[in-house]
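Worth knowing before you read on, the calculation uses all heavy atoms, side chains too, and leaves out hydrogens, waters and symmetry mates. Positions are given from 1 along the sequence. Because the structure is predicted, anything quoted here is derived from the model rather than measured.
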Amino acid sequence: MEEVRNQQVILKDYVNGFPKESDMLLTTSSTILLKLPQGSNGVLVKNLYLSCDPYLCCLMSKSQVSHLESFTPGSPIAGLGVAKVVDSGHSNLKKGDLVWGWIGWEEYTIITAPDALFKIQHTDVPLSYYIGILGVHGMTAYYGFYEICAPKKGEYVFVSAASGAVGQLVGQFAKLTGCYVVGTAGTNEKVELLKNKFGYDEAFNYKEEQDLDEALKRYFPEGIDIYFENVGGKMLEAVLLNMKTNGRISVCGMISQYNLNEEEGMRNLSHIIMKRLHMKGFIVGDHINLYPKYMEMVIPLIKEGKICYIEDIAEGLESAPAALLGLFSGKNVGKQVVVVAHE
């Protein structure tokens, strides 16, 4: 049996408030056998790509509020990733298969519940897409926009964090539906990307706006039909003032609140009543049964060039902590991916 080094990124201890790079330790002291124990029904995978997502920082806190369990100090951080099967005791997976799902921030991971993995069928698209447009982020955009918001041609759509892993897709789905779409981002570079690459009708840099309510009235003088929520806080407060009667709000995330010791209070909630708004939060894992339906829709769109997806690639496991924290300062342009190994 070959024993190899297994480089890992571990959580040193539980974090209070916003994490630092020093809270995550890159270690090369761990080793792993490239063979599963006799009788195991798990799988051993070589990790290829990792997904950096804001909610991972929440899992570094002992008291975090999430549907996912906190990380364990001294153990590898984990998240969505793409991997290649090295050894398998599972009947539906064999050596050489490519999969995506929940893996460790390490070079190799033993997965004891392999039924939660998705076998990759389409290999004529970039493998990294399976932690983006062809994975949970694509499903999030699909379910939140189509299933919750039920868009109609000609409606007015607003997307916050619009150049991110989910937002860039929501805007393109909205344009394909025939909607008028405005997005917001945190740099002028991203604003141009929204308009010139993703086809947004308009976009603005929220950091340059003194009054978000005034900004939204400028872009939506008649109001907003659909809001895809990624941010929360003052952005949501301003949006509620500008929603149309019977508008729909799909609540995907609230990145502005994730690393506060105490979440901010909300104003303008009475508009939910007065305007008869439909506002729904969701966890995409509850709707994974729709994944085949989503793939039938999106694979042809990708191959026909009707939809595009931008990734920000960081090379090497050692780059993962900085890449993760960079999400909160807007350093990434598009979906943040970390390359652990090339196939």
Side-chain angles (χ1 to χ4, degrees), residues 43 45-53 79-86 88 92-103 109 111 114 116-147 159 162-177 193-194 196-200 252 284-285 287-317 319-320 323 327 332-343:
V43 294
V45 298
K46 178 182 179 180
N47 298 326
L48 305 177
Y49 299 97
L50 300 176
S51 175
C52 286
D53 299 297
L80 293 168
V82 173
K84 189 172 187 176
V85 176
V86 174
S88 176
N92 292 333
L93 293 171
K94 65 181 186 301
K95 182 178 179 179
D97 281 348
L98 293 163
V99 295
W100 71 269
W102 195 259
I103 62 176
T109 299
I111 298 172
L117 294 173
F118 292 82
K119 188 189 292 190
I120 291 174
Q121 307 291 348
H122 299 274
T123 57
D124 53 348
V125 294
L127 289 178
S128 55
Y129 276 15
Y130 285 91
I131 47 172
I133 186 172
L134 297 181
V136 166
H137 300 83
M139 269 294 297
T140 298
Y142 173 77
Y143 182 83
F145 185 63
Y146 288 111
E147 299 291 329
V159 185
S163 67
V166 174
Q168 59 175 287
L169 293 173
V170 175
Q172 292 180 84
F173 291 161
K175 289 305 299 177
L176 288 169
T177 307
L193 189 69
L194 291 175
N196 298 329
K197 189 73 173 178
F198 300 134
Y200 276 72
C252 163
V284 71
H287 312 286
I288 208 68
N289 61 300
L290 295 175
Y291 185 62
K293 180 182 175 183
Y294 169 65
M295 289 290 280
E296 285 180 13
M297 181 196 83
V298 78
I299 285 287
L301 292 176
I302 294 172
K303 292 184 176 180
E304 293 165 16
K306 293 181 179 178
I307 198 165
C308 68
Y309 199 64
I310 300 294
E311 298 175 309
D312 194 319
I313 305 293
E315 287 282 347
L317 188 60
S319 69
L327 297 175
N332 62 301
V333 178
K335 166 64 190 166
Q336 183 65 65
V337 174
V338 174
V339 180
V340 181
H342 295 276
E343 187 190 353

- Check the pair I120 / L127 against side-chain contact (heavy atoms from CB on, under 4.5 Å), numbers first and verdict last. CA-CA 8 Å; I120 291 174; L127 289 178; 4.2 Å; yes

Does any non-hydrogen side-chain atom of [Y] lie less than 4.5 Å from one of [X]?
X: L169; Y: T140; answer: no
X: L290; Y: Y294; answer: no
X: L134; Y: M139; answer: no
X: L80; Y: W102; answer: yes
X: V337; Y: C52; answer: no
X: V333; Y: L193; answer: yes
X: I310; Y: K197; answer: yes

- Is the count of non-hydrogen atoms from other residues, nucleotides or ligands lying under 6.0 Å from K175 atom NZ greater than 12?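 Above 12, so yes.
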
- Message: Is it the case that over 12 heavy atoms from other parts of the model lie below 6.0 angstrom from the NZ atom of K94?
- Response: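 Counting other residues, nucleotides and ligands, NZ of K94 stays at 12 neighbours or fewer.
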
- How would you list, by chain and number, every residue that makes a salt bridge (charged side-chain N to carboxylate O under 4.0 Å, His left out) with K46, sequence neighbours excluded?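 Salt bridge (charged side-chain N to carboxylate O under 4.0 Å, His left out) check on K46 returns nothing, list empty.
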
- Query: Under the salt bridge (charged side-chain N to carboxylate O under 4.0 Å, His left out) test, which residues partner E296, sequence neighbours left out?
  - Reply: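 Counting only residues at least two positions away or on another chain, E296 forms no salt bridge (charged side-chain N to carboxylate O under 4.0 Å, His left out).
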
- Query: If you look at every heavy atom in A162 and Y200, which pair is closest and at what distance?
  - Reply: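 What the structure gives for the nearest pair is CB-OH, 3.5 Å.
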
So, the side chain of [X] versus the backbone of [Y]: is there a donor-acceptor pair under 3.5 Å, distance only?
X: Q336; Y: N332; answer: no
X: H137; Y: I131; answer: yes
X: S88; Y: L93; answer: yes
X: Y309; Y: A165; answer: yes
X: Q172; Y: F198; answer: no

- Should W100 and L117 be marked as a side-chain contact (heavy atoms from CB on, under 4.5 Å) after you check the CA-CA gap, both sets of side-chain angles, and the distance that decides it? CA-CA 6 Å; W100 71 269; L117 294 173; over 6 Å; no

- Please report the C-alpha distance between L176 and L301 in whole Å, then the side-chain angles of each, then the deciding distance to 0.1 Å, and finally whether the side-chain contact (heavy atoms from CB on, under 4.5 Å) criterion is met. CA-CA 10 Å; L176 288 169; L301 292 176; 3.9 Å; yes

Could you give the distance from [atom1] ([X]) to [atom2] ([Y]), rounded to the nearest 0.5 Å?
X: Q168; Y: I133; atom1: CD; atom2: CD1; answer: 7.5 Å
X: L48; Y: I103; atom1: CG; atom2: CD1; answer: 7.5 Å
X: N92; Y: K119; atom1: CG; atom2: NZ; answer: 6.5 Å

- Query: Is there a side-chain contact (heavy atoms from CB on, under 4.5 Å) between V338 and E315 once you walk through the steps?
  - Reply: CA-CA 6 Å; V338 174; E315 287 282 347; over 6 Å; no

- Task: Just grab all the side chain to side chain donor-acceptor pair (under 3.5 Å) pairs involving residues 126-135, residues at least two apart or on different chains.
- Result: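 Those involving residues 126-135 are S128-E311.
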
- Message: Tell me if the centroids of the rings in Y146 and F173 come within less than 6.0 Å of each other.
- Response: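 Between Y146 and F173, the centre distance is under 6.0 Å.
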
